[in-house]
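Side chains included, hydrogens not; waters and symmetry mates left out as well; all remaining heavy atoms used. Here the structure is a predicted model, which is why all the values come from computation and not from measurement. Here is how names work: the chains are called A, B, and so on, in the same order as the sequence lines, proteins then strands, and each is numbered from 1.
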There are 2 protein chains.
Amino acid sequence: MANISDIAKQAGVSKSTVSRVLNGHKHVSKEKRRIILDVMERLEYSPNGNAINLSRGKTNTIGVLVPRVGHPFFHQLLEGIGQVCMERNHTLLVIQTEHDPAKEEASMQYLRDKRIDGLIIGAISQPQLLETMRTVGPVVACEDHQDIVPSLFFNHGKAITMLLQHVEERGAKTVGLCLGNPDSGVGRVRREAFDQYLKTSTLCHGIQWYADRCYSFEDGQALAGQLLTIDLPDAIIVGNDEVAAGLIDQFRKDGIRVPEDIAITGFDDVPIARALEITTIRQPVVMLGRLAAEQLLSDALNQSESASSLLEPSLMIRQTT
Amino acid sequence: MANISDIAKQAGVSKSTVSRVLNGHKHVSKEKRRIILDVMERLEYSPNGNAINLSRGKTNTIGVLVPRVGHPFFHQLLEGIGQVCMERNHTLLVIQTEHDPAKEEASMQYLRDKRIDGLIIGAISQPQLLETMRTVGPVVACEDHQDIVPSLFFNHGKAITMLLQHVEERGAKTVGLCLGNPDSGVGRVRREAFDQYLKTSTLCHGIQWYADRCYSFEDGQALAGQLLTIDLPDAIIVGNDEVAAGLIDQFRKDGIRVPEDIAITGFDDVPIARALEITTIRQPVVMLGRLAAEQLLSDALNQSESASSLLEPSLMIRQTT
DNA sequence: TGTTGCACTGGGACGCGTTTCAGCCTGTAG
DNA sequence: CTACAGGCTGAAACGCGTCCCAGTGCAACA
């Protein structure tokens with residue numbers, strides 16, 4: 001594989017001149033430029049990306065930290081980030097943590113060792129790591145860590161409040177809660193908003209109506225089975241549409257009517273929520289991804305003050321409440 | 001930021017020795033190793049990834065070419081690939097093409113310029129590009145391009161045949177077809193298998209029952225609206241569960257009974273198919289991703305002969321046929 | 001005691017572009 | 001005709017590890 005020196009030699013010029021042509025700098029005579037381009041074509045020359053990265057000290061690559069790419073929230077986020085990367089000629093490096101603290105910590109290495117120019121945090125279970133990360137390179141979070149790093153995130157607390165208010169208006173007296181990862185930032189915020197709401201309302205909650213680490217349709221079905229062994233609450237707030245769908249599916253199979261016997265709400269408004277007419281929360285996740293990527297890229301470039309911001313959810317009222 | 005020379009100087013040794021410690025090579029005295037480690041810690045040294053990549057000539061990164069990360073098939077694929085990357089200490093670079101030929105072509109650059117060690121093709125609309133790609137670096141495809149590059153893929157033709165056989169057995173006389181991207185490899189294979197089956201059966205198809213470029217739940221709803229203006233076929237084969245779900249949803253709203261008035265089949269067995277009890281095709285996509293990544297990594301490492309293989313689909317019979 | 005062998009260490013070339021700086025040349029203004 | 005500006009070009013340092021090769025020194029063996 002030819003390198004820049006080969007080109008220079010064959011074209012009878014110096015490496016500098018070749019480099020100028022490569023980067024579209026001025027001050028290269030028409031004739032030499034032509035010769036150089038000819039030689040490059042003839043030798044099928046292609047500059048070595050790693051050499052460029054090393055010498056420029058940047059890679060035009062940004063990393064994204066997510067638990068799993070398969071999760072509906074995260075793949076929408078990735079899609080938005082990916083769009084911006086493409087528009088701005090950047091590359092997307094995906095780091096799957098599977099919620100593993102060691103992997104989260106290891107991800108910092110990419111930033112430190114200059115393999116990525118910046119990092120977008122999709123979710124992190126150890127926010128204290130951000131403290132170190134920000135000293136290593138630009139970081140933007142898609143959860144609320146605005147006291148540490150610039151953050152763009154949804155108002156999950158408000159979303160929970162909207163859902164609770166809604167089911168209460170529809171007459172619920174008792175309510176359950178089903179979360180995904182209770183230790184994630186989102187999980188904590190949701191839990192807190194839930195507890196907070198109950199304090200100022202007559203709505204009742206009991207520990208038997210609480211579940212977490214539910215991620216899939218099947219988890220929802222299983223949970224329905226468990227709930228059937230006890231008294232059902234009037235409503236249940238579920239942190240994920242697929243889980244809500246599983247719950248509804250199993251309940252209906254068992255002859256429980258939704259929403260008459262139990263009202264169910266989901267989260268994210270994925271296709272399944274539309275198909276089953278699930279009352280849920282819609283959030284412009286792809287847009288969040290875009291904003292985060294734009295924030296990171298502009299920030300990395302011009303070092304301007306970077307702000308955090310809170311995006312508002314919308315309540316989609318359908319047939320399950 | 002300290003570099004390896006700084007460490008060497010401070011520790012009173014040569015760069016070579018520091019490098020040996022870094023890479024866990026033998027032949028370093030306990031004492032020097034200790035001193036070096038101390039200095040590294042004190043200066044918060046971290047090796048520069050780009051320098052390592054450059055000097056080693058490899059990056060431990062593999063690229064994946066997909067139209068969009070958001071598509072259910074591709075994010076499952078990414079998940080499988082991601083798992084293997086993690087296990088083998090590799091990194092995942094995602095390249096979204098949005099089916100754009102120019103972007104597909106540009107992706108080759110990563111391989112050529114050594115930013116990735118190998119490339120997994122999720123889908124490509126210009127298979128002829130593979131011809132060049134394989135000369136540039138290791139490539140594995142997840143579609144049928146086995147005449148050009150090692151390929152791991154599903155037997156989409158057989159899946160279509162199974163579905164047609166199934167609806168025919170259930171009494172269908174006329175059948176429709178709804179595809180996604182008709183120009184993709186998968187689209188072509190499906191179309192071909194469909195046409196082929198009809199030739200040897202009494203099942204009827206008419207152009208009014210054909211549609212393509214349907215990707216979402218909403219596309220399915222819209223298609224249902226169109227079909228309602230003409231005579232319905234007895235069954236329709238849909239290339240995507242979400243579209244099938246949209247179709248079912250709209251039909252039911254319009255008082256059309258599924259499967260009595262029209263049988264509907266999906267593809268992929270995503271959660272929505274389980275929720276709506278859609279007869280569909282299940283394929284182990286995550287496993288496909290894993291296999292592809294393993295193939296690529298072992299191939300890149302030991303240059304062994306790499307084989308192509310065909311994975312079998314399974315028919316999930318539910319309530320919509 | 002001479003020799004062989006092995007553990008340990010350093011020097012320096014190498015991978016490949018980028019960038020700074022100095023210098024040359026030509027054209028134009030005074 | 002001199003002087004200065006500005007276009008063009010090359011040498012060489014730089015970014016940062018890796019790795020081959022050539023030792024050096026000490027221990028064991030003949």
Side-chain angles (χ1 to χ4, degrees), chain A residues 1-37 39-40 43-61 89 91 109-117 136-137, chain B residues 1-37 39-40 43-61 109-117 136-137:
Chain A
M1 193 78 141
N3 62 31
I4 199 174
S5 300
D6 298 332
I7 304 298
K9 216 170 293 171
Q10 295 249 347
V13 299
S14 70
K15 290 197 302 174
S16 319
T17 306
V18 179
S19 175
R20 280 183 199 104
V21 171
L22 241 25
N23 294 289
H25 289 180
K26 296 177 194 162
H27 306 320
V28 178
S29 66
K30 276 212 164 51
E31 195 195 3
K32 296 214 167 176
R33 165 168 276 122
R34 198 185 45 70
I35 297 177
I36 291 169
L37 289 172
V39 175
M40 292 205 284
L43 300 191
E44 295 188 330
Y45 171 69
S46 173
N48 180 308
N50 288 125
I52 297 176
N53 291 344
L54 173 61
S55 116
R56 287 213 247 250
K58 62 187 293 258
T59 55
N60 272 26
T61 299
N89 250 303
T91 298
Q109 203 49 35
Y110 288 100
L111 208 53
R112 185 174 269 143
D113 78 11
K114 311 283 187 222
R115 252 185 276 249
I116 56 178
D117 295 340
V136 183
Chain B
M1 192 79 143
N3 63 30
I4 199 174
S5 300
D6 299 332
I7 304 299
K9 215 171 294 172
Q10 295 249 347
V13 298
S14 70
K15 289 196 304 175
S16 316
T17 304
V18 178
S19 176
R20 279 185 199 103
V21 171
L22 241 25
N23 295 288
H25 290 180
K26 296 178 195 163
H27 306 319
V28 177
S29 66
K30 279 212 162 50
E31 195 196 1
K32 295 213 167 174
R33 165 167 277 119
R34 198 184 45 69
I35 297 176
I36 291 169
L37 289 172
V39 175
M40 291 203 286
L43 301 190
E44 294 188 331
Y45 171 69
S46 173
N48 180 309
N50 287 125
I52 296 176
N53 290 345
L54 174 60
S55 122
R56 285 212 247 247
K58 61 188 295 254
T59 54
N60 273 25
T61 299
Q109 202 50 34
Y110 287 102
L111 208 53
R112 184 174 271 142
D113 78 12
K114 311 283 186 222
R115 252 185 276 247
I116 57 179
D117 295 340
V136 183

### Message
Under 4.0 Å, heavy atoms only, any strand: does A:Lys32 hit a base, just the sugar-phosphate, or nothing?
### Response
sugar-phosphate
### Query
Roughly how many Å is it from CD1 in B:Ile4 to P in D:dC14, rounded to a whole number?
18 Å
### Side-chain N,O (A:Tyr45) to OP1/OP2 (C:dG17) below 4.0 Å
yes
## Note on the structure
A:Glu31 CD to D:dT9 P, in whole Å, measures 9 Å
### Query
Measuring from A:Leu22:CG to A:Leu37:CG, what's the distance to the nearest 0.5 Å?
9.0 Å
### Task
Take the protein atom NZ of A:Lys15 and the nucleotide atom C1' of D:dA11, then report the distance between them rounded to whole Å.
10 Å
### Task
Mark yes or no for a side-chain to base donor-acceptor pair under 3.5 Å between A:Ser16 and D:dA11, with no hydrogen or angle criteria applied.
yes
### Message
Measure CG/B:Leu54 against P/C:dG15 and give the value in whole Å, please.
### Response
10 Å
### Interatomic distance, B:His27 NE2 vs D:dA22 P [rounded to whole Å]
17 Å
### Min side-chain heavy-atom separation B:Asn60-B:Asp117 under 4.5 Å
yes
### Message
Between P on D:dC14 and CG on A:Asn50, what's the gap in Å once rounded to a whole number?
### Response
22 Å
#### Entry: Interatomic distance, A:Lys58 NZ vs C:dG17 C1' [rounded to whole Å]
15 Å
### Task
For A:Ile52 and C:dT18, give me the distance from atom CD1 to atom C1', rounded to whole Å.
9 Å
### Task
Specify the residue among B:Ala51 and B:Val28 whose closest nucleotide of DNA chain C lies further upstream toward the 5′ end.
B:Val28
### Query
Which sits closer to the 5' end of DNA chain D, A:Ser55 or B:Asn23, going by the nucleotide each is nearest to?
A:Ser55
